[in-house]
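The structure under discussion appears below in the form of structure tokens.
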Amino acid sequence: MKLDFVHISDIGQHLGREVTVKGWLYNKRSSGKIHFLQIRDGTGVIQGVMVKNEVGEEIFALGDRVTQESSIIVRGLVKEDQRAPSGYELGVTGLQIVQLTQDYPITPKEHGPAFLMEHRHLWMRSSKQHAILRIRDTIEQAIHAYLHKEGFIHTPAPILTPTACEGTTTLFQTDYFGEPAYLSQSGQMYIEATAAAFGKVYTFTPAFRAEKSKTRRHLTELWMMDAEASYFEHAENMQCQEGMICAIVERVLNERQFELKTLERDTKPLERIRAPFPVISYKEAVELCNKAGVPIRYGEDFGAPHDTAIAGSFERPVFVDRFPAEIKSFYMQPDPKDPSVVLGSDLYAPEGYGEIIGGSQRIHDLDLLLKKMEQHKVPYEPYKWYVDLRRYGSVPHSGFGIGIERTVSWMCGLQHIREAIPFARMLEKIYP
RNA sequence: UCCAGCGUAGCUCAAUGGUAGAGCCCCCGGCUGUUAACCGGGUUGUUGUAGGUUCGAGCCCUACCGCUGGAGCCA
């Protein structure tokens, strides 16, 4: 076959020309002497129309034999046609079967979640899964673009760490040349160091949580984007988060309408997302929950029903600000007006998708940090390097971390977080 | 770890304690515009495992295993 090879996503630019598409057979319908081949190539799906009188017996027989998910190279004339699912179709002139697939497990009918997850390596070829992972890519691109526009640079953080970042009960432990090492739960503390070197930085890292959580919102391996900025105070930090969320929503709405439609995502709630986001204090959030009939005492952290009550009261993402110091990490800067609370906020997504961002201003005063470490029983030796940052040119600084899969779930309107990542790692599940 | 629900054909599901079935997939045949195509025919089972109750168990009981959802914890 000749070389004028095109991607299906660009097919509209080749109207009236004979082109070659390399891909897989997504589905086939046949009506006597016409085969309708739904061809996918990773960039899109196009209908190939194969007419017996036009291609001859031999090629038509190939079209008869080709099965779902066989890899194929198809040659054809690009046409516009209202009867085709995408508006364009390929008048097939040639077909080459690269590999003939037998008994593809995922059929065009319904399957249960256990079966689909067992075949995740194949399931991601299906249109909805494909749409989700495209949107995920767009979200990640939007984050990179927004942060670079704001002057941040990407500085990777390590995944193997000698110590716990937060808590010790939910860590995955591994062996590092005879010493225990842990899979990182967050890159945050490391980018406090790179922030002191570069000013504004961020990192994409997987975060590992060995929690025995078995819900639609939990993974044991999730992706976080942590950002950190020197000379950034709490209010600026929140403004940056708000700007980033708006940039994500805008880009997904602009570039991924087809995928949102595939997912049957109602985009109206997304179109309402614009700055400024409401900000309520932890104290106000507690009062809101109690009024909404979801009781909680001051000093307790929010559970799933509280998330829903808080986020459900607003059409835009809402910041809950100034949590009590005792339920947050040791490094958070106390509020100068009320030292019992910290300059730390969580951002809750609308529509019940829960907490997607946690951020705070970090303690920059050496003595205060040492005091807080002692109070929280954080050992000094393994964190000596972290304390050093307060010893050598310490400045006020702030940062935040966003959970990528929760953001993807929200944007796509997913029922379960396992679909937001190509290979979900969940409680006692590691195949495929 | 705890609570609830569910395990029947490759998949999705039926089946008063009384002969295990349908649709899809797959195979054969038909159809020149299909849209999860359609129409006709065909193949497919140690009913999760082990024990128990019963004349008789897919169905009732016990234990175990697996799956799904939720709680706590968290993003």
Side-chain angles (χ1 to χ4, degrees), chain A residues 26-38 45-55 60 63-65 67-69 79 81-87 89 91 101-119 122-123 126-128 165-171 185-186 188 205-226 300-307 327-329 346-349 353-359 400-410 415-418 420-421 426-429:
Chain A
Y26 191 63
N27 197 7
K28 180 174 72 175
R29 291 180 282 269
S30 182
S31 176
K33 311 240 169 358
I34 303 185
H35 295 312
F36 298 94
L37 310 173
Q38 311 303 321
V45 178
I46 190 167
Q47 172 162 276
V49 182
M50 184 189 273
V51 182
K52 193 173 188 177
N53 286 348
E54 294 169 9
V55 294
F60 195 78
D64 200 39
R65 216 172 73 219
T67 53
Q68 188 192 358
E69 284 303 322
K79 302 173 188 172
D81 197 310
Q82 288 306 309
R83 293 169 296 185
S86 72
E89 63 180 28
T101 288
Q102 300 292 352
D103 299 319
Y104 187 69
I106 301 176
T107 66
K109 283 281 177 179
E110 283 166 40
H111 300 285
F115 178 82
L116 290 169
M117 285 306 287
E118 212 37 38
H119 295 84
L122 305 174
W123 187 26
S126 302
S127 62
K128 284 194 181 177
C165 198
E166 309 168 22
T168 49
T169 53
T170 61
L171 282 169
Q185 293 188 315
S186 161
Q188 183 221 310
T205 44
F208 301 91
R209 308 279 164 95
E211 286 156 10
K212 301 260 184 193
S213 298
K214 208 183 162 192
T215 78
R216 68 177 72 186
R217 291 154 76 159
H218 288 85
L219 295 168
T220 57
E221 180 181 317
L222 58 116
W223 282 80
M224 296 267 290
M225 191 292 295
D226 283 287
E300 290 177 335
D301 213 343
F302 301 118
H306 307 108
D307 288 12
I327 58 170
K328 286 292 180 183
S329 298
D346 286 347
L347 184 71
Y348 292 86
Y353 283 94
E355 186 186 342
I356 54 171
I357 294 182
F400 63 92
I402 180 170
I404 301 299
E405 287 77 19
R406 284 209 180 157
T407 306
V408 173
S409 293
W410 167 42
Q415 293 300 307
H416 200 298
I417 199 163
R418 65 186 157 215
I421 184 167
M426 291 178 299
L427 186 58
E428 285 160 11
K429 272 215 171 341

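Small disclaimer: the values here were computed from a predicted structure and weren't measured. Reminder, nothing fancy here: chain letters follow the sequence lines and each chain counts from 1.
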Identify which nucleotide among [options] has an atom closest to any side-chain atom of [X], counting heavy atoms from C-beta outward.
X	options	result
A:A114	B:G33, B:G72, B:C67	B:C67
A:H218	B:C67, B:G69, B:C74	B:C74
A:K429	B:A36, B:C67, B:G70	B:C67
A:R29	B:C73, B:G33, B:A36	B:A36
A:H416	B:G69, B:C73, B:U34	B:G69
A:N27	B:A36, B:C73, B:A71	B:A36
A:D307	B:G69, B:C74, B:U34	B:C74

Please give, in whole Å, the distance from [N] [atom2] to [X] [atom1]?
X	N	atom1	atom2	value
A:Y26	B:A36	OH	P	11 Å
A:F36	B:A36	CZ	P	13 Å
A:D64	B:C28	CG	P	8 Å
A:H119	B:C25	NE2	C1'	13 Å
A:Q68	B:U34	CD	P	21 Å
A:M117	B:U12	CE	P	15 Å
A:R418	B:U68	CZ	C1'	8 Å
A:K28	B:C38	NZ	C1'	15 Å

Which part of the nucleic acid, if any, lies within contact of [X], taking any heavy atom under 4.0 Å across all strands shown: a base, the sugar-phosphate backbone alone, or nothing?
X	answer
A:L219	base
A:I34	base
A:D81	base
A:S30	base
A:G403	nothing
A:I357	sugar-phosphate
A:Q47	base

Quick one: does [X]'s side chain get under 4.5 Å of [Y]'s, heavy atoms only?
X	Y	value
A:H111	A:E118	no
A:I106	A:L116	yes
A:V55	A:H35	no
A:M117	A:K429	no
A:I356	A:Y348	no

Task: A:K52/A:D64 salt bridge by N-O under 4.0 Å criterion - done: no
- [ ] Tell me which of A:P108 and A:G32 sits closer to the 5' end of RNA chain B, going by the nucleotide each one is nearest to.
- [x] A:G32
Open item on the list: Let me spell it out: for each of A:D103 and A:P305, pick the nucleotide of RNA chain B with the closest heavy atom. Which residue's pick is nearer the 5' end?
Closed with: A:D103
Would you measure the distance from the [atom1] atom in [N] across to the matching atom in [M] and give it in whole Å?
N	M	atom1	result
B:U46	B:U8	P	12 Å
B:G40	B:G58	P	33 Å
B:G17	B:A57	C1'	7 Å
B:U68	B:C55	C1'	38 Å
B:A9	B:G21	P	14 Å
B:C25	B:G42	C1'	14 Å
B:A36	B:G23	C1'	13 Å
B:C59	B:C6	P	14 Å

- [ ] Mind telling me whether A:H306 and A:F302 have parallel, tilted or perpendicular rings, with 30° and 60° as the class edges?
- [x] tilted
Short question: side chain of [X], backbone of [Y] - any donor-acceptor pair under 3.5 Å?
X	Y	result
A:H416	A:R418	yes
A:Q68	A:K28	no
A:T67	A:T101	yes

Task: A:S186 versus A:D226, closest heavy-atom pair with distance - done: OG-OD2, 3.6 Å
Task: Closest approach of A:A84 to A:E89 (non-hydrogen atoms, all atoms of both residues) - done: CB-OE1, 3.7 Å
Open item on the list: Between the base of B:G33 and the side chain of A:E89, is there a donor and acceptor pair under 3.5 angstrom?
Closed with: yes
Task: Secondary-structure stems for RNA chain B, with pairs counted as Watson-Crick or G-U when both distances are under 3.5 Å and runs at least 3 long - done: B:1-7 with B:65-71, B:10-13 with B:21-24, B:26-30 with B:38-42, B:48-52 with B:60-64
Task: Heavy-atom protein contacts under 4.0 Å, nucleotides 3-11 of chain B, coded B base, S sugar-phosphate only, - none - done: --------S
